[in-house]
Amino acid sequence: MATPEAPSFELDIQPLFNQRDQEAMLIQFDLWNVEDVRDFAPEILATLESGRMPCYGSWPDEQVQLFKRWMDGGMPE
Ligand code: HEM
């Protein structure tokens with residue numbers, strides 16, 4: 001059986017951030033830019049886990065776990 005690959009930014013993570021998210025957060029970082037998301041990953045994870053972000057409703061746990069697995073996998077593009 002194939003080992004599931006680490007999630008990639010392009011295929012798995014970037015699509016989790018919609019246009020409203022991306023535009024709202026441009027004052028601090030660009031959620032559609034892998035470099036920015038890497039730089040702020042621990043802070044982003046903390047807001048997702050606490051449910052503080054996105055401001056209109058928290059992510060399902062699955063999505064938060066996917067983001068965490070991407071971090072654990074070395075944050076590949
Ligand atoms: C370091 C992590 C983050 C910080 C410190 C942060 C901080 C903030 C602040 C201060 C605001 C404006 C005040 C408010 O509406 O509560 C805001 C708004 C918002 N943020 Fe974040 N945020 C973070 C991550 C995220 C992430 C990961 C998402 C999406 C998944 C997101 C989506 C949004 C949205 C949708 C709004 C509301 C803007 C609107 O009115 O449409 N933020 N954020």
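Atoms within a ligand are numbered from 1 in the order they appear, just like the ligands themselves.
Looking at every heavy atom in both residues, Ala6 comes nearest to Gly73 through CB-CA, 4.2 Å.
For the ligand labelled ligand 1, residue Phe40 lies outside the 4.0 Å heavy-atom shell.
Ligand 1 places these atoms under 4.0 Å from at least one heavy atom of Thr47: 2 (C), 3 (C), 24 (C). For ligand 1, the atoms closer than 4.0 angstrom to any heavy atom of Cys55 are 19 (C), 34 (C), 35 (C), 36 (C), 37 (C), 38 (C), 39 (C). The distance from ligand 1 to the heavy atoms of Tyr56 drops below 4.0 Å at these ligand atoms: 35 (C).
Scanning Glu43, Glu23, Arg52 for the heavy atom closest to atom 1 (C) of ligand 1 points to Glu43. In this structure, of Ile27, Asp21, Asn18, Leu48, the residue bringing a heavy atom nearest to atom 29 (C) of ligand 1 is Asp21.
Side-chain rings of Phe9 and Trp70 approach one another, their centers coming within less than 6.0 Å.
Of the protein's heavy atoms, none falls inside 4.0 Å of atom 14 (C) of ligand 1.
Side-chain contact between Leu31 and Ile44 is present, with at least one heavy-atom pair separated by less than 4.5 Å. The side-chain heavy atoms of Asp39 and Phe29, taken from C-beta on, include no pair separated by under 4.5 Å. No side-chain heavy atom of Gln22 sits less than 4.5 Å from a side-chain heavy atom of Gln14. A 4.5 Å side-chain heavy-atom check between Tyr56 and Arg20 finds at least one atom pair inside the cut-off. Under the 4.5 Å side-chain criterion, counting only non-hydrogen atoms from C-beta, Phe40 is not in contact with Thr47.
For atom 6 (C) of ligand 1, the nearest non-hydrogen atom of the protein is Met25 CE, 3.2 Å. At the top of the distance list for atom 38 (C) of ligand 1, counting protein heavy atoms only, stands Ala24 CB, 3.3 Å. In terms of protein heavy-atom proximity, atom 27 (C) of ligand 1 is closest to Ile44 CG2, 3.5 Å.
Between atom 21 (Fe) of ligand 1 and Gln28 there is no N/O/S contact shorter than 2.8 Å. At least one N, O or S atom of Met53 sits under 2.8 Å from atom 21 (Fe) of ligand 1.
Looking at Trp59, its side chain never comes within 3.5 Å of a backbone N or O of Gln65 through a donor-acceptor pair.
Below 3.5 Å of separation, one finds an N or O of Arg20 facing an N or O of ligand 1.
Other residues, nucleotides and ligands place more than 12 heavy atoms under 6.0 Å from the CD atom of Glu43.
Using a 4.0 Å cut-off between heavy atoms, Phe17 contacts ligand 1 through its side chain alone, with no backbone atom that close.
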